[in-house]
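Comments concern the structure below.
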Amino acid sequence: MKIFALVRDTFKDKSFLRRTADFSLSVILTYVLTTVTNLVDTMMVGTLGEVSISAVGLANKFFYVFTSVVFGVHSGAGLLMAQYYGAGNEDNVRKTFSLGFIINIFCGLLFFVVATFFPGLIMGIFTTSPESTAAGIMYLRASGLSYLLFAVSSILSSFLKSTYRVKVTAVSSIVSILSNVFFNYCLIYGAFGFPALGIVGAAIATVLARFAEMMILVGFIVAKDKILKAKLSHFFGWSPEFTAKFIKCSVPIMINEVLWGLGTSLYYVGYGHMGDKATAVVTITDNVIKIFNTAANGLASASLVLLGMELGAGKVKEAWDHSRKLIVLGICIALMCSATILLIRVPVMGFFDVSEEVFNGAVGCMGVYACTIPFYYVYCIVIVGILRSGGDSKASMVLDSSGVWFVALPLVLLGAFVWKLPIVAVYALSLLEEVLKTFACLIRYRKKKWLRNLT
């Protein structure tokens with residue numbers, strides 16, 4: 001009965017729903033459009049053949065590791081900026097932003113150098129296919145500059161979200177997405193007088209789209225923002241106490257995201273060993289299901305900022321009440337997503353020009369994922385949003401990373417190399433950790449150690 005009462009209270013709390021929707025819908029829209037664009041990219045690249053789908057999917061795993069690092073930096077900075085903003089401390093908002101900016105630029109330069117000058121090393125980690133390796137090397141070299149551009153735009157976006165100006169980040173993402181689709185069409189196929197560059201054209205389109213996104217964010221901050229319009233000295237002068245707090249919040253998230261991103265990317269060592277068809281199955285599946293994960297990501301972002309602001313303002317009771325409602329809201333949305341995936345998985349695969357084996361494999365993997373998506377929603381909201389909003393970063397790191405490294409990755413490698421299972425079975429093994437992680441994170445959540453004012 002308590003569960004039904006909580007569901008009823010959640011949907012009766014109009015103020016909570018309005019604030020959550022105001023923040024999360026813009027984030028969700030951004031995630032949806034980004035995911036749809038990736039899906040369109042996969043469809044466009046897919047017309048070049050299964051090797052091209054496999055190559056781009058594997059090459060993008062390196063970018064995925066990079067975004068995991070950057071996400072760790074700007075999430076740690078974001079939770080502190082949200083709490084400082086809620087407490088009205090703009091000086092510390094600026095100092096947090098500048099520290100995050102410097103770290104992001106360093107990471108962007110590092111990944112740019114590796115992608116541009118050592119692409120063969122990256123592809124060699126994920127696949128033994130000479131065809132996929134050669135195509136992936138071309139893609140990585142052409143897309144290298146996107147790492148630097150994304151490093152800048154991600155910390156700017158985090159700053160704007162943490163200071164409750166999320167709509168401009170959605171606008172920048174929409175422009176980036178539309179630019180990416182347009183230039184993909186032009187540069188892959190040679191439309192409107194552009195050269196037909198194939199897989200290299202897809203990489204160049206990504207660079208142009210990232211540049212457009214960055215310039216919109218920079219333009220808005222220069223024209224409209226008042227917080228960052230301050231003397232240069234206001235951005236520095238980090239005290240040992242301030243730096244220690246930043247490290248305590250940010251470094252566990254950064255380590256968490258690197259371990260999680262690297263671990264999940266290493267699943268592709270198993271998939272790649274099973275061949276290009278298996279890799280194509282998972283690449284297509286991931287691009288489709290990510291559309292349905294967007295609400296979880298939006299609610300997690302809303303949790304981080306909204307609960308962070310409440311904790312920074314000393315509203316601990318409200319933060320606990322709203323955290324429970326965010327979980328309930330996530331479960332309800334997840335159940336709807338699960339039903340939708342089961343209904344549309346076959347029609348969606350009709351858009352892909354792939355073999356019957358890849359078609360059936362992707363349909364099967366989507367069906368498996370539909371059964372586990374409620375678990376994903378709960379642990380994403382709790383670990384990425386709620387626990388981190390109060391600086392409980394170490395716990396979220398242990399919970400998030402341990403399942404990948406000690407459960408999913410060993411099972412995927414065993415399934416691919418030792419047990420010789422079909423791709424649908426190996427994919428199902430990779431999702432087992434999400435179920436176990438959900439129960440573990442709820443235990444930590446109920447201990448309330450995350451309910452802290454960090455200001």
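Judged purely by atom type and a 3.5 angstrom limit, Ser338 has no side-chain atom pairing as donor or acceptor with the backbone of Ala334. Asn287 places a side-chain N or O within 3.5 Å of a backbone atom of Thr283 that can act as its donor or acceptor partner. The backbone N or O of Ala205 lies less than 3.5 Å from no partner atom in the side chain of Asn184, so there is not a single donor-acceptor pair. Proximity of a side-chain donor or acceptor of Lys245 to a complementary backbone N or O of Pro240 within less than 3.5 Å is not detected. Here the side chain of Thr96 pairs a donor or acceptor atom with the backbone of Asn92 at under 3.5 angstrom. With hydrogens and angles ignored, the 3.5 Å screen pairs no side-chain donor or acceptor of Ser132 with any backbone N or O of Ser129. In this structure, Ser157 contributes its side chain and Thr169 its backbone to no donor-acceptor pair below 3.5 Å. Side chain of Trp450 to main chain of Gly391: no donor-acceptor pair is present (N/O by atom type, distance under 3.5 Å, no hydrogens or angles).
Closest of all the heavy-atom pairs between Ala362 and Ile284 is CB-CG2, 4.4 Å. What you find for Ser303 and Ile386 is that their closest heavy atoms are CB-N, 4.0 Å. Of all heavy-atom pairs spanning Gly390 and Leu311, the tightest one is CA-CD1, 3.7 Å. Nearest approach of Ser323 to Leu307, heavy atoms of both residues: CB-CD1, 4.0 Å. Contact record, Val152 with Ile155: O-CG2, 3.3 Å, taken as the closest heavy-atom pair. Closest approach of Thr206 to Ser146, counting heavy atoms only: CG2-CB, 4.2 Å.
Counting heavy atoms from C-beta outward, Val407 and Leu429 have side chains that stay 4.5 Å or more apart. Between Leu197 and Ile188 the shortest side-chain heavy-atom distance does not fall below 4.5 Å. Looking only at side-chain heavy atoms (C-beta outward), Asn453 and Val316 stay at 4.5 Å or farther from each other. Inter-residue side-chain proximity for Ile174 and Leu178 is flagged as met; some heavy-atom pair is nearer than 4.5 Å. Side-chain contact between Met274 and Thr279: absent, with no pair of heavy atoms (C-beta onward) separated by less than 4.5 Å. Residues Tyr267 and Val282 fail the side-chain proximity criterion, which asks for heavy atoms closer than 4.5 Å. Residues Ser15 and Arg18 form a side-chain contact, since some pair of their non-hydrogen atoms from C-beta on lies under 4.5 Å apart. Counting heavy atoms from C-beta on, the side chains of Asp91 and Arg94 come closer than 4.5 Å.
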message = Using the rule given for side-chain contact (heavy atoms from CB on, under 4.5 Å), can you reason through Val328 versus Arg324, listing the C-alpha separation, both sets of side-chain angles and the distance that settles it, and then say yes or no?
response = CA-CA 6 Å; Val328 169; Arg324 297 169 70 208; 5.8 Å; no
ask   = Can you check side-chain contact (heavy atoms from CB on, under 4.5 Å) on Asp286 and Tyr427, steps first, answer last?
value = CA-CA 11 Å; Asp286 282 350; Tyr427 185 75; 3.8 Å; yes
request  = Step by step, work out the side-chain contact (heavy atoms from CB on, under 4.5 Å) result for Leu145 and Leu148.
outcome  = CA-CA 6 Å; Leu145 191 58; Leu148 269 173; 4.3 Å; yes
inquiry  = What verdict does the side-chain contact (heavy atoms from CB on, under 4.5 Å) test give for Ile253 and Arg388, after you've listed the backbone C-alpha separation in whole Å, the side-chain angles of each residue and the deciding distance to 0.1 Å?
reply    = CA-CA 8 Å; Ile253 298 178; Arg388 291 178 181 175; 3.7 Å; yes
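Listed by chain and residue number, Lys325 satisfy the side-chain hydrogen bond (donor to acceptor under 3.5 Å, both in side chains) test with Asp13 (two or more places apart in sequence, or in another chain). Shown here are the side-chain contact (heavy atoms from CB on, under 4.5 Å) partners of Ser153, two or more places apart in sequence or in another chain: Phe150, Glu213, Met214, Leu217. Leu121 meets the side-chain contact (heavy atoms from CB on, under 4.5 Å) test with Phe118; sequence neighbours excluded. Taking the side-chain hydrogen bond (donor to acceptor under 3.5 Å, both in side chains) definition, one finds that Asn293 meets it with Tyr369, sequence neighbours left out. When the ring-ring contact (aromatic ring centres under 6.0 Å, His included) test is applied to Phe66, the partners found at least two apart in sequence or on another chain are Phe63, Phe111, Tyr147. With sequence neighbours excluded, the residues satisfying side-chain contact (heavy atoms from CB on, under 4.5 Å) with Leu399 are Ile383, Leu387, Ala440, Cys441, Arg444. Residues passing the side-chain contact (heavy atoms from CB on, under 4.5 Å) test with Leu110, sequence neighbours excluded: none. By the ring-ring contact (aromatic ring centres under 6.0 Å, His included) test, Phe375 pairs with no residue at all, sequence neighbours left out.
If you take CD1 on Ile341 and CE on Met366, they are separated by 9.0 Å, rounding to the nearest 0.5 Å. Within the model, atoms CD1 of Ile327 and OH of Tyr377 stand 14.5 Å from one another, a figure rounded to the nearest 0.5 Å. Here the CG-CG distance, from Leu431 to Leu411, works out to 11.0 Å after rounding to the nearest 0.5 Å. Atom OG1 in Thr163 sits 5.0 Å away from atom CD1 in Ile227 (nearest 0.5 Å). With values rounded to the nearest 0.5 angstrom, Leu304 atom CG is found 7.0 Å from Ser162 atom OG. To the nearest 0.5 Å, atom CG of residue Leu413 and atom OG of residue Ser430 are 11.0 Å apart.
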For residues 75-86, tabulate all N or O donor-acceptor pairs below 3.5 Å that involve a side-chain atom, not counting sequence neighbours.
from  : atom 1 : to     : atom 2 : distance (Å)
Ser75 : OG     : Phe71  : O      : 2.7
Gln83 : OE1    : Leu454 : N      : 2.7
Gln83 : NE2    : Ser389 : O      : 2.9
Gln83 : NE2    : Arg452 : O      : 3.3

Return a table of donor-acceptor pairs under 3.5 angstrom between the side chains of residues 135-144 and protein atoms on other chains or two or more places apart.
from   : atom 1 : to     : atom 2 : distance (Å)
Ser143 : OG     : Tyr139 : O      : 3.0
Ser143 : OG     : Leu140 : O      : 3.3

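A salt bridge does not link Lys317 with Glu310: none of the charged nitrogens is closer than 4.0 Å to a carboxylate oxygen.
Heavy-atom contacts from other residues, nucleotides or ligands closer than 6.0 Å to CZ of Phe242 number more than 12. Other residues, nucleotides and ligands place more than 12 heavy atoms under 6.0 Å from the CZ atom of Phe417. More than 12 non-hydrogen atoms from other residues, nucleotides or ligands lie less than 6.0 angstrom from NZ of Lys229. With a 6.0 Å radius and a threshold of 12 heavy atoms from other residues, nucleotides or ligands, Phe220 has its CZ atom above the threshold.
Listed by first then second residue, pairs satisfying ring pair (Phe, Tyr, Trp, His ring centres under 6.0 Å) with a partner in residues 297-333 read Phe16-His322, Trp320-Tyr445, not counting sequence neighbours. Contacts classified as side-chain hydrogen bond (donor to acceptor under 3.5 Å, both in side chains) and involving residues 394-416 (residues at least two apart or in different chains) are given here: Asn256-Asp400, Asn256-Ser401, Asp400-Lys437.
A perpendicular orientation is assigned to the rings of Tyr268 and Tyr271, their planes being inclined by more than 60° (bins at 30° and 60°).
In this structure, Tyr376 has its ring center closer than 6.0 angstrom to the ring center of Tyr379.
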